[in-house]
Amino acid sequence: MADPQPVKISSLLSQLPSVDELLQTQIATNIIAHSGRRKAVMIARETCEILREEILRNTAANGRESLIGKAESMMKAAGVRERRIGVRRVINATGVFIHTNLGRAPLSDGAKRAIIDQASGYCTLEYNIETSRRGKRGVGAELLICEITGAENAVIVNNCAAAAFLILAVFAAGKEVVISRGELIEIGGDFRVPDVLAQSGAILKEVGTTNRTKLSDYEKAIGENTGMILRVHPSNYKIIGFTESPEPGELVELAHRNNLILYEDAGSGALVDLSEYGLSDEPVIGESIAAGVDIVSFSGDKLLGSAQSGIIVGRHDLIEKIRKHPLYRALRVDKLAYAALEATLGCFARETHFKEIPVLQMLSMTADEIAERTGKFAETLTARSNGSLRVETLVGASVVGGGSAPGVQPETCNLALTHSDMSVVELEKALRDSDPPVIARIMQDRVLIDLRTVSIIEERELLEILSRL
Ligand SMILES: *Cc1c(COP(=O)(O)O)cnc(C)c1O
């Protein structure tokens, strides 16, 4: 008996659209406009190949029209995937306000304007208008940092990891660095204190125990080859209960009595006291400087709320030594970061930081404010939507994130969504597929939207997106 399949397969194969035909479609034209001809050809080829295999496996659509239709929808999906690669704006509805995966700190309006208006073209990066000579790179941001923290001098590098590495390499290569066992931490993203020490050429000298380290433990460890005492703020975890560590002032006294540098990696970079908002464990940079710590480093894009950077402050001569080290050249920041930092630090200088800097706005938003905003939003959304979306409000907790303030979870009020035609997993995916993508959490069988991390301008977009679901 004759097998009809080979005939059917070869007739289907003959109906398969060619790469050239696919490149004539409107969808291909769109892909070419956005991603270039090479990418469009690649996508068309892959599409043909997949369809060919489906025909050979006998799972293909029937008929030329449906083959072309299938090819077009496959190419369209590939085009969408292509446009999502790289850095794209999203709406962060997770309630995690220093969200490392979503770009850490959102910039203030002033910082955005400074990047575009002051730094994106030619600018005074290393030029002094008064003298028409070469100017000092980073001087604006560094002066502001000194003014705000009371430090003698400052220098800015690519991030806090780079700052720690550079400081250790400059002052402790080949020497012992005394550090408490309770501070040998991992920040995430591969920043592990013992590894950074090893890479910089410093020798780890751990003292005390995980939960208790006394001043005498440090004292006993100091010897011939000691170069530095290091204190690291255990940013993303917390030891509670039977704990002990010396006060900064005691370590300062010990270090200076032994002619050693005391370096504090403060991590999150709180420039003002945030204990009112539950962040009483965050070291305030100015307080460390006032206590006499020689060098302090911290991130520019955590609680400071600016561009990615690592800020180093401290004693004048030590900072100049860092600036003159050949590694500084490899780790310094670009004009865009300086512009964002200057604008953000300006808010601290004018004491408008809680009004102007998004992470501090979010931190200082009260539970009542959030509840009121969310309640209004829920009402408007319910009135606008076609009835498929079920909208509730649910008390919950926002998260500081970014390796800062573990255990600090400001009370919030979430929108809690379910949909009559979609599971919560599908609903969450539909939000991610929207333009701009909305990143939300699933909890208690609902999709949760925390408006704490959504700006007022984004709120309008979010309303549009949600009322179309
Ligand atoms: C976050 C953090 C770092 C790393 O900072 P980056 O700016 O992400 O490089 C280093 N040390 C401490 C204590 C931190 O909290």
Side-chain angles (χ1 to χ4, degrees), residues 96-107 141 145 154-169 172 177 179-200 202 204 213 228-239 245 248 251 262-271 274 279-285 287-288 293 295-314 322 327-328 330-334 336-338 340-341 344-345 359 363 399-408:
V96 180
F97 43 95
I98 307 177
H99 198 306
T100 300
N101 297 353
L102 300 183
R104 280 217 185 143
L107 295 181
I145 274 285
V155 63
I156 298 165
V157 291
N158 185 46
N159 53 25
C160 193
F165 175 70
L166 180 59
I167 293 163
L168 291 165
V177 172
I179 178 172
S180 161
R181 290 197 165 89
E183 297 175 3
L184 291 172
I185 56 163
E186 173 179 319
I187 300 293
D190 292 331
F191 182 89
R192 297 175 130 198
V193 171
D195 297 348
V196 176
L197 263 147
Q199 279 300 319
S200 70
L204 175 66
T213 302
M228 174 185 274
I229 298 177
L230 171 58
R231 245 172 81 97
V232 179
H233 177 54
S235 313
N236 52 6
Y237 87 115
K238 191 175 166 142
I239 296 179
S245 60
L251 279 180
L262 176 62
Y263 161 39
E264 178 180 359
D265 180 11
S268 304
L271 292 185
L274 298 172
L279 276 67
S280 44
D281 289 335
E282 284 305 320
V284 178
I285 307 303
E287 288 177 12
S288 298
V293 179
I295 307 174
V296 184
S297 66
F298 51 98
S299 290
D301 56 349
K302 291 182 182 171
L303 290 170
L304 199 155
S306 192
Q308 181 191 301
S309 49
I311 300 172
I312 306 172
V313 293
I322 293 170
L327 263 177
Y328 166 66
L331 300 174
R332 69 188 193 182
V333 295
D334 72 333
L336 304 184
Y338 284 128
L341 278 168
T344 313
L345 292 166
V359 290
L363 184 66
V399 176
V400 179
S404 304
V408 177

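As the structure lists them, so they are numbered: ligands from 1, and atoms in each ligand from 1.
- Close approach to D265 involves these atoms of ligand 1, each under 4.0 Å from a residue heavy atom: 10 (C), 11 (N), 12 (C), 13 (C).
- Closest to atom 15 (O) of ligand 1, if we only count protein heavy atoms, is S235 OG, 2.4 Å.
- Listed by number with element, the atoms of ligand 1 under 4.0 Å from a non-hydrogen atom of K302 are 1 (C), 2 (C), 3 (C), 5 (O), 14 (C), 15 (O).
- For the ligand labelled ligand 1, residue Q308 lies outside the 4.0 Å heavy-atom shell.
- Between the side chain of S306 and the backbone N or O of A340, at least one donor-acceptor pair lies under 3.5 Å.
- In summary, the atoms of ligand 1 found under 4.0 Å from a heavy atom of S299, numbered by their order in the structure, are 5 (O), 6 (P), 7 (O).
- Here I145 contributes atom CD1 and I285 contributes atom CD1; the two are 8.5 Å apart, rounded to the nearest 0.5 Å.
- The R104 neighbourhood of ligand 1 comprises atoms 6 (P), 7 (O), 8 (O), with distances under 4.0 Å to a heavy atom of that residue.
- In this structure, the side chain of S299 does not engage the main chain of D301 through any donor-acceptor pair within 3.5 Å.
- Among all non-hydrogen protein atoms, the one lying nearest atom 9 (O) of ligand 1 is A161 N, 2.8 Å.
- Looking at ligand 1, you'll find an N or O of C160 within less than 3.5 Å of one of its N or O atoms.
- Q308 places no side-chain N or O within donor-acceptor distance of the main-chain N or O of N159, the cut-off being under 3.5 Å.
- E186 places no side-chain N or O within 3.5 Å of a backbone atom of F191 that could act as its donor or acceptor partner.
- Counting only distance, with no hydrogens or angles, the side chain of S309 and the backbone of A307 share a donor-acceptor pair below 3.5 Å.
- Between R231 and D265, no side-chain nitrogen of the basic residue sits less than 4.0 Å from a carboxylate oxygen of the acidic one, so the salt-bridge criterion is not met.
- Distances below 4.0 Å separate heavy atoms of G267 from the following atoms of ligand 1: 12 (C), 13 (C), 14 (C), 15 (O).
- Ligand-side atoms of ligand 1 in range of H233: 13 (C), range being under 4.0 angstrom from any heavy atom.
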